[in-house]
Structure formats: structure tokens, C-alpha cells
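Ligands are counted one by one from 1 in listed order, and the atoms in each one are counted from 1 as well.
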Amino acid sequence: MITLALSKGRIFEETLPLLAAAGITVLEDPEKSRKLILPTNQPDVRVVLVRATDVPTYVEYGGADLGVTGKDTLIEHGANQDGSLRGTGLYQPLDLRIARCRVSVAVRADFDYAQAVRQGARLRVATKYPAIAREFFAAKGVHVDMVKLYGSMELAPLTGLADAIVDLVSTGNTLKANQLVEVERIMDISARLVVNQAALKLKQAPLRRIIDAFAGAVGTDYTSPEAA
Ligand code: AMP
């Protein structure tokens with residue numbers, strides 16, 4: 001059995017065409033079903049639905065053989081800031097180039113960000129991404145008081161909880177709707193395929209078939225793990 005961990009929403013929707021390239025069709029719609037294990041047209045392949053932030057954990061501990069998750073989630077899980085996975089139990093063969101967005105700093109339109117981030121200044125930052133934010137502001141020499149949030153980050157500057165937020169931005173519409181402005185772009189984000197290293201050895205043929213099909217579908221120059 002091959003188990004693929006996905007999160008509901010954008011990752012699930014944008015992974016479907018990649019699965020189709022591997023000849024895999026998910027047989028139930030997660031928006032309609034309450035099931036957390038979804039069968040596919042291939043009896044030996046199933047999809048498990050987990051929180052986006054839990055995908056690396058499932059794959060790392062073998063609850064799933066492979067999974068799709070954002071570079072942002074991988075970094076917060078302990079990957080390096082470039083998204084590489086040295087030192088984790090995970091293998092990352094592919095940038096799937098889906099669920100693209102960016103991590104940015106945003107503030108209230110009337111907040112003087114340039115003045116606030118002068119060398120040696122102190123800034124209160126609310127974010128779901130403390131590892132990314134800490135590294136970014138440390139490199140600028142700005143001291144940060146980090147406020148960890150789990151959602152609705154845009155509220156923080158509006159209520160006085162924080163001076164700035166570090167959050168995912170796609171179209172920019174959410175920031176605009178809340179009178180916030182994007183003042184710095186920290187990094188571009190896309191979803192990655194991650195694979196459990198032990199599973200890659202034990203179930204090499206079926207996993208290679210899926211990885212190769214995904215690679216073909218995203219048009220990546222990909223060296224198979226054996227050859228790498
Ligand atoms: P937007 O209004 O298009 O800029 O989207 C911003 C909102 O969508 C923020 O609340 C983000 O947290 C969320 N978002 C944008 N892109 C992604 C993504 N690739 N994965 C998960 N959440 C995202």
C-alpha cells in the first residue's frame with residue numbers, strides 16, 4: 001500500500017492533475033465526504049487528508065509514504081531556510097510548482113516601516129511563520145518580539161497586537177481588504193513533494209513510478225533517487 005498525505009483545499013485540488021498523470025484518480029471528494037482516508041482507482045494507493053502543517057510529520061514518521069506541502073511548512077517543520085531537508089527523515093525530490101505564493105511582511109498603511117526597521121530597532125511581529133520571520137529580521141539586524149498566531153494574522157496590526165505581520169500573500173486581495181500594505185517580500189513559496197526515506201528504499205518501484213509521473217507532469221529535470 002502506498003499512502004499519500006495531502007491537505008484539503010489548494011494543495012489537494014492542484015495535486016489532482018499530477019495524480020492523473022500517474023494514472024491515479026481519487027474516488028471521493030473531500031469537500032463532500034467526511035472520510036479522512038480516500039480510496040483511489042488503484043487498490044494499492046490511498047490518500048490521507050491531514051492539516052497542512054501535519055504533512056511533514058506524517059511523512060517523517062511513516063504515517064504516509066509521501067506527501068505534498070508548501071516550502072513554508074517545511075521550513076517551519078525544521079527544514080533549512082532554502083527548503084532543503086538535510087538532517088530530517090524526509091527526501092524532497094521535486095518542486096511541484098503548484099500552490100505558488102510568497103511570504104511577505106505587511107503593515108498598516110499609516111505605519112512607518114522604514115523608520116521602524118532601522119538598525120537596532122525593535123519590532124513586534126505577529127506570524128504563523130516564526131522561523132522564517134526570525135531569520136529574515138535577524139539578517140537585517142532588527143530585534144523582533146514574535147507573537148505566534150494560528151490564523152487571521154491581518155487582525156494583528158489593526159488591533160494593536162503587532163506592528164507587522166509575516167504571512168502568505170497570493171493575489172494581495174486579503175491585505176488590501178484589511179487596509180494593509182505589503183512592504184517586503186521574504187521568499188517565494190511553492191508546494192514540494194516529500195518522501196519518507198525508508199519507504200523509498202522498501203517500496204522503491206511504486207514510489208518511483210509516482211515520482212517520475214509527477215516530474216513529467218511538472219516538466220522538471222529530475223534525476224531519480226537511485227542515480228542521484
Ligand atoms: P490573497 O488574498 O490571494 O493574497 O491570499 C492571501 C490569503 O490566502 C492569506 O490568508 C494566506 O494565508 C492564504 N494563502 C495564499 N496563498 C496560499 C497558499 N499557497 N497556501 C495556503 N494559504 C495561502
Donor-acceptor contact present, side-chain Lys35 to main-chain Leu49, <3.5 Å: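 Not confirmed, Lys35 side chain does not pair with Leu49 backbone.
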Winner among Thr174, Leu175, Thr171 once heavy atoms are compared against atom 3 (O) of ligand 1: Thr171
Heavy-atom nearest option to atom 4 (O) of ligand 1, drawn from Gly151, Gly172, Ser190: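 Ranked by closest heavy atom to atom 4 (O) of ligand 1, first place is Gly172.
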Starting from [atom], locate the nearest protein heavy atom and write down its residue, its atom name and how far away it is, to 0.1 Å.
atom: atom 19 (N) of ligand 1; value: Ala99 O, 3.0 Å
atom: atom 12 (O) of ligand 1; value: Asp167 OD1, 3.6 Å
atom: atom 21 (C) of ligand 1; value: Leu168 CD1, 3.6 Å
atom: atom 15 (C) of ligand 1; value: Ser170 CB, 3.7 Å
atom: atom 17 (C) of ligand 1; value: Arg10 NH1, 3.6 Å
atom: atom 10 (O) of ligand 1; value: Glu154 OE2, 3.7 Å

Transitive ILVMFWY side-chain link Val103 to Ile165, under 4.5 Å: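 Different clusters: Val103 never reaches Ile165 through Ile, Leu, Val, Met, Phe, Trp or Tyr contacts under 4.5 Å.
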Salt bridge present between Lys128 and Asp167 (N-O < 4.0 angstrom):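 Salt bridge flag = no for Asp167 with Lys128.
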Salt bridge flag under 4.0 Å for residues Arg192 and Asp95: yes
Contact check, side chains of [X] and [Y], non-hydrogen atoms, under 4.5 Å:
X: Val166; Y: Phe136; answer: no
X: Val195; Y: Asp65; answer: no
X: Leu200; Y: Ile211; answer: yes

Polar atom proximity, Arg100 to ligand 1 (N or O, under 3.5 Å): no
Heavy-atom protein contact below 4.0 Å for atom 8 (O) of ligand 1: no
Atoms of ligand 1, numbered as shown, that sit under 4.0 Å from any heavy atom of Cys101: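 Close to Cys101: 16 (N), 17 (C), 18 (C), 19 (N).
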Residue Val169 vicinity, atoms of ligand 1 by number, heavy atom under 4.0 Å: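 Counting atoms of ligand 1 from 1, those under 4.0 Å from Val169 are 4 (O).
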Any donor-acceptor N or O pair under 3.5 Å, side chains Ser190, Arg100: no
Ligand 1-proximal atoms of Met153, by part, heavy-atom distance under 4.0 Å: neither
Rounded distance [0.5 Å steps], NZ in Lys8 versus CD in Glu13: 11.0 Å
